[in-house]
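Working notes, structure below.
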Amino acid sequence: MPSTGENASRVPHYRNNKSYFSIVVVTSDASVNTLYRRVKALTRNFRSFLKANFPVRALLIIYYTVPTNKGGYMDLLKQRIQTDGLILNDSLLKVDSFLNHQIDPELMMKIGEEFARRFEGELITKILTIESSGIAISVMAGLVLKVPVVFARKKKSVTVNDNLYSTKVYSFTKNESNDIIVSKQFLQKDDKVLIIDDFLANGEAAAGLANIVKQANATVVGIGIVIEKSFQPGAKKLTQAGYRVESLARIGSFSQGQANFLSND
Ligand code: 5GP
């Protein structure tokens, strides 16, 4: 089984904590009122404050960090994986009770919101996913981001067609290759596309979707994954290819019927 080392060191694009700087000014005649006025003046006009009040006896800069999210935004997802997930073998996880067969809409909504949060400011115009399990999560993200969702269809084989983008994708779970297709009318060259999928294993599905975006001369803004199995090579391959990968739960290994998550999520 591949090691988890390289994936474990991947730096996420967000932090659970927010850091702040505080500036405390202590002057020679520092009564509370004077200090208050001077700090206020400092925020209004730093230069004139310095001129008027010089010499300042001490300037103290305090750096502090406030936890904004105790335990991670996706604790709920990880708990569901632990309680309801079924580990079928050393690389396959079944989550049929909330994601792949029966769907938990509330959890899907939280997942959609989290993708929207992570890709905030990216001016996404479209979400692209693959049928069928990517659809529910993508629709929730699309609701939050207010953009349309396109899903690639799987076909056994596709003949060349002027109206379709298509590419081959090898399926990790089914052990077979499928063509995936997207109608040309739903992807334009100025689209900024967020790719979303339920699982990331070898990266075939996400790379296939990225290939379709490329065929449309559109831009991949990033790849959002619900469950990344970090011991498989997909995340590393996509990151090395220059894509921003945001995975909500990253599994470093399976052991004794449990999923072991990477600690810095
Ligand atoms: P990849 O293309 O990255 O090798 O595999 C990702 C695709 O295979 C996903 O679209 C997902 O449907 C399926 N997949 C990969 N690993 C798993 C897994 O452990 N459990 C389930 N349910 N699906 C998986």
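In what follows, residues are counted from 1 in the order of the sequence shown. Counting starts at 1 for both ligands and their atoms, following the listed order.
Between Arg118 and Glu114 there is a salt bridge, since at least one side-chain N of the basic residue sits less than 4.0 Å from a carboxylate O of the acidic one.
Summarising the local packing, CD of Glu120 is surrounded by 12 or fewer heavy atoms from other residues, nucleotides or ligands at distances under 6.0 Å.
What you find for Ala249 and Lys78 is that their closest heavy atoms are CB-CG, 4.1 Å. What you find for Ala152 and Leu209 is that their closest heavy atoms are CB-CD2, 3.7 Å.
Contacts between Asn202 and ligand 1, counted as non-hydrogen atom pairs separated by less than 4.0 Å, involve both the backbone and the side chain. Only the backbone of Ser91 comes within 4.0 Å of ligand 1, judged by heavy-atom distances. Heavy atoms of Leu92 found under 4.0 angstrom from ligand 1 belong to the backbone as well as the side chain. Of all the heavy atoms of Phe172, the ones lying under 4.0 Å from any atom of ligand 1 belong exclusively to the side chain. The side chain of Asp198, and not its backbone, has at least one atom closer than 4.0 Å to an atom of ligand 1 (non-hydrogen atoms only; side chain from C-beta on).
Remark: of the listed residues Leu187, Val147, Ile127, Ile124, Leu187 is the sole one forming a side-chain contact (heavy atoms from CB on, under 4.5 Å) with Val193. Among Asn100, Ile135, Ile227, the single residue meeting the side-chain contact (heavy atoms from CB on, under 4.5 Å) criterion with Asp198 is Asn100.
Geometrically, ligand 1 and Leu93 share a nitrogen or oxygen pair separated by less than 3.5 Å. The N/O atoms of Thr173, backbone and side chain alike, include none that comes under 3.5 Å of an N/O atom in ligand 1.
For the ligand labelled ligand 1, residue Gly234 lies outside the 4.0 Å heavy-atom shell.
When only modelled atom types and interatomic distance are considered, Asp75 and Gln79 share no side-chain donor-acceptor pair under 3.5 Å. If you check the side chains of Ser166 and Asn161, you find no donor sitting under 3.5 Å from an acceptor.
Looking only at protein heavy atoms, the nearest one to atom 22 (N) of ligand 1 is Asn100 OD1, 3.1 Å. Ranking the protein heavy atoms by distance from atom 5 (O) of ligand 1 puts Ala201 CB, 3.6 Å first. The protein heavy-atom contact nearest to atom 10 (O) of ligand 1 is Asp197 OD2, 2.7 Å.
Numbered from 1 in the order shown, with element, the atoms of ligand 1 that lie under 4.0 Å from a heavy atom of Ala205 read 2 (O).
The backbone N or O of Ile212 lies less than 3.5 Å from no partner atom in the side chain of Thr167, so there is not a single donor-acceptor pair.
Across the listed options Lys94, Glu204, Gln232, Lys229, Lys229 owns the non-hydrogen atom lying nearest to atom 19 (O) of ligand 1. Selection from Phe254, Tyr170, Phe199 by nearest heavy atom to atom 6 (C) of ligand 1 gives Phe199.
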